[in-house]
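Chain identifiers are assigned alphabetically (A, B, ...) following the order of the sequence lines, protein sequences preceding nucleic acid strands; residue numbering begins at 1 within each chain.
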There are 2 protein chains.
Amino acid sequence: MKEKIKVHVADDHMILIEGIIAMLNTDSEIEVVGHSLTGLQVVEWFKTNKADILVLDINMPELDGIEVLKRFNKKALRQKIIMLSSYDDVKLVQELTTYGADGFISKTSAGEHIVKAIKSVQSGIPYFSDDIKEGLFNLAIGQNVAEGNRPDATPEDASLISELTDREIEVLKLVASEYSTPEIADQLLISTNTVETYRKKLLKKLKVKNAVGLAMFAVKHRMI
Amino acid sequence: MKEKIKVHVADDHMILIEGIIAMLNTDSEIEVVGHSLTGLQVVEWFKTNKADILVLDINMPELDGIEVLKRFNKKALRQKIIMLSSYDDVKLVQELTTYGADGFISKTSAGEHIVKAIKSVQSGIPYFSDDIKEGLFNLAIGQNVAEGNRPDATPEDASLISELTDREIEVLKLVASEYSTPEIADQLLISTNTVETYRKKLLKKLKVKNAVGLAMFAVKHRMI
DNA sequence: GCCAGACTCACCGAAAACGGTGAGTCATAT
DNA sequence: ATATGACTCACCGTTTTCGGTGAGTCTGGC
């Protein structure tokens, strides 16, 4: 009897986890050996356990799926990782693959794709769901037409959070909560000038144009 | 043999739908008779079909779950509706119940709650998952402490989208995409003054303070 | 001890956002 | 025909945001 493929599922929605587990359990070659609701739980779990494949949601509280991916990549663990995306974040795919993601499926695709992805990835073949592929294609087309071959094609950008200081993150959260600079200064008991400084640093670091961009970043990474 | 409870499931994530269906099918008293990926699909489906219970996600493209709820409420159809929330939007619960929602569960709760909710609601008892109850409680506490009995406790606020004009929605989407007023004016081929007018109308209508508030609204309602 | 980095603040100017008011066209419905 | 609402634009002033530059303290690490 063949050894089953051991899978760990991580997503902050318990319902989704249960759904995926129910689906995977119908396949005799796959065995779900664990699950996590936050990025930290994933990291903790893998300290004392092992799985062949980690199905990892990008959007999770505490520790971003992207962050988790990076950590595992640094530590050079051997389990394969399939990323799960809520909002078809095609632009991230390229960077995420450089961090060691072996597969990529969007939640809008059907569940059978997870089974396919797991089997494909387990046998060493990267898997991308059709809509992700299409998105990548469109992105490539658009890029070629719009900007040709760019000099510095932002290799990071996936997880800039780690580059932010504590104070910057505080300010970022408040900006994303609709507070103005004077209001933020009041709350943090610092000068408006200082808050301005943080805002500008954030704009640069996160490569966005304005407060809306900051807010969107915060949302994307579940900081609020 | 007893008649099964007919359920229709609506959510924009196919994986989640499949998960829920798989879960519900394990219960012999429940039968899933249809599913939809968008609000419009839900409305269309119910034109020619019927179900006892509609499990309805709040966040869906095309037509908001809240909008769908309102429409069904107006038309006074008799199926019960259980709302599904991604982000524990406790503040909506009160308003949604006035629109005829019979139950409320957050996706972060376990899947068995759906089965419980369906059976409870089918027998006429409204169902709220524990975390929603807790949230409502905290909200009540917080409100009483913080603001006492407010004069006008914003009865709407749940679905303000329907009050927005097409042009306003266009501008809203662009604001939420980090575009500045001049840039939006360029794209829509109208004056910056006009764009400013729309921005101000949006701020009033959506009751937010600034561009970040507009962006957050757009995100919350999946307009981008 | 020295350096890097985090945190703090200031001053400058330009651009954008916000708040209010008024007003014109056009289509639709009553 | 008239009234309503969507769409458009203008002008006013104030506040906020953004961009750049410089500089002080304090802490932790080498």
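- Side-chain proximity of B:Ile190 to C:dC9, D:dC9, D:dC18: nearest is D:dC9.
- Using a cut-off of 4.0 Å between Lys/Arg side-chain N and Asp/Glu carboxylate O, A:Glu196 and A:Arg199 are scored as not salt-bridged.
- Taking atom NZ of residue B:Lys205 and atom P of nucleotide C:dG19, one finds them 16 Å apart after rounding to whole Å.
- Atom NZ in B:Lys201 sits about 7 Å away from atom C1' in D:dC7, given to the nearest Å.
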Per-nucleotide protein contact along nucleotides 23-30 of chain D, 5' to 3', at a 4.0 Å heavy-atom cut-off (B base, S sugar-phosphate only, - neither), is --------
Run B:Met14 and B:His35 through side chain to side chain contact (heavy atoms under 4.5 Å, CB included) and show every step you take.
CA-CA 9 Å; B:Met14 194 59 206; B:His35 67 265; 3.7 Å; yes
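- You'll find that the side chain of B:Lys200 is closest to C:dG19, out of C:dG19, D:dC9, C:dC7.
- Atom pair B:Leu203:CG and C:dA17:C1' shows a separation of 9 Å (rounding to whole Å applied).
- Ranking D:dG19, D:dA10, C:dC7 by closeness to the A:Arg167 side chain, first place goes to C:dC7.
- Side-chain proximity of B:Tyr198 to D:dC18, D:dC9, D:dC7: nearest is D:dC7.
- Using a cut-off of 4.0 Å between Lys/Arg side-chain N and Asp/Glu carboxylate O, B:Lys173 and B:Glu168 are scored as not salt-bridged.
- Two residues are said to be in side-chain contact when any heavy atoms from C-beta on lie closer than 4.5 Å; A:Leu84 and A:Asp11 meet this criterion.
- One atom, CG of A:Asn210, and another, P of C:dA17, lie 7 Å apart when rounded to the nearest Å.
- The listed nucleotides are C:dC7, D:dT8, D:dC18; the one nearest the side chain of B:Thr194 is D:dT8.
- Atom NZ of A:Lys204 and atom P of C:dA6 are 16 Å apart (whole Å).
- Atom C1' of nucleotide C:dG20 and atom CZ of B:Arg199 are separated by 17 Å, given to the nearest angstrom.
- Between D:dA10 and B:Ser191, a contact under 4.0 Å exists linking OP1 or OP2 to a side-chain N or O.
- Between the CG atom of B:Asp52 and the CD1 atom of B:Ile118 there is a distance of 10.0 Å, given to the nearest 0.5 Å.
- Open room surrounds NZ on A:Lys50; 12 or fewer heavy atoms of other groups in view lie less than 6.0 Å from it.
- Atom P of nucleotide C:dA14 and atom NZ of A:Lys209 are separated by 21 Å, given to the nearest angstrom.
- Protein atom CG of B:Leu206 is 12 Å distant from nucleotide atom P of C:dC18, rounded to whole Å.
- Relative to the axis of its first five pairs, the axis of the last five pairs of the helix from C:dG1-D:dC30 to C:dT30-D:dA1 sits at 40°, rounded to 10 degrees.
- Of the residues in residues 169-187 of chain B, none lies under 4.0 Å from DNA chain D by heavy-atom distance.
- At C:dA10, one or more side-chain N or O atoms of A:Asn193 fall inside 4.0 Å of OP1 or OP2 (strictly under the cut-off).
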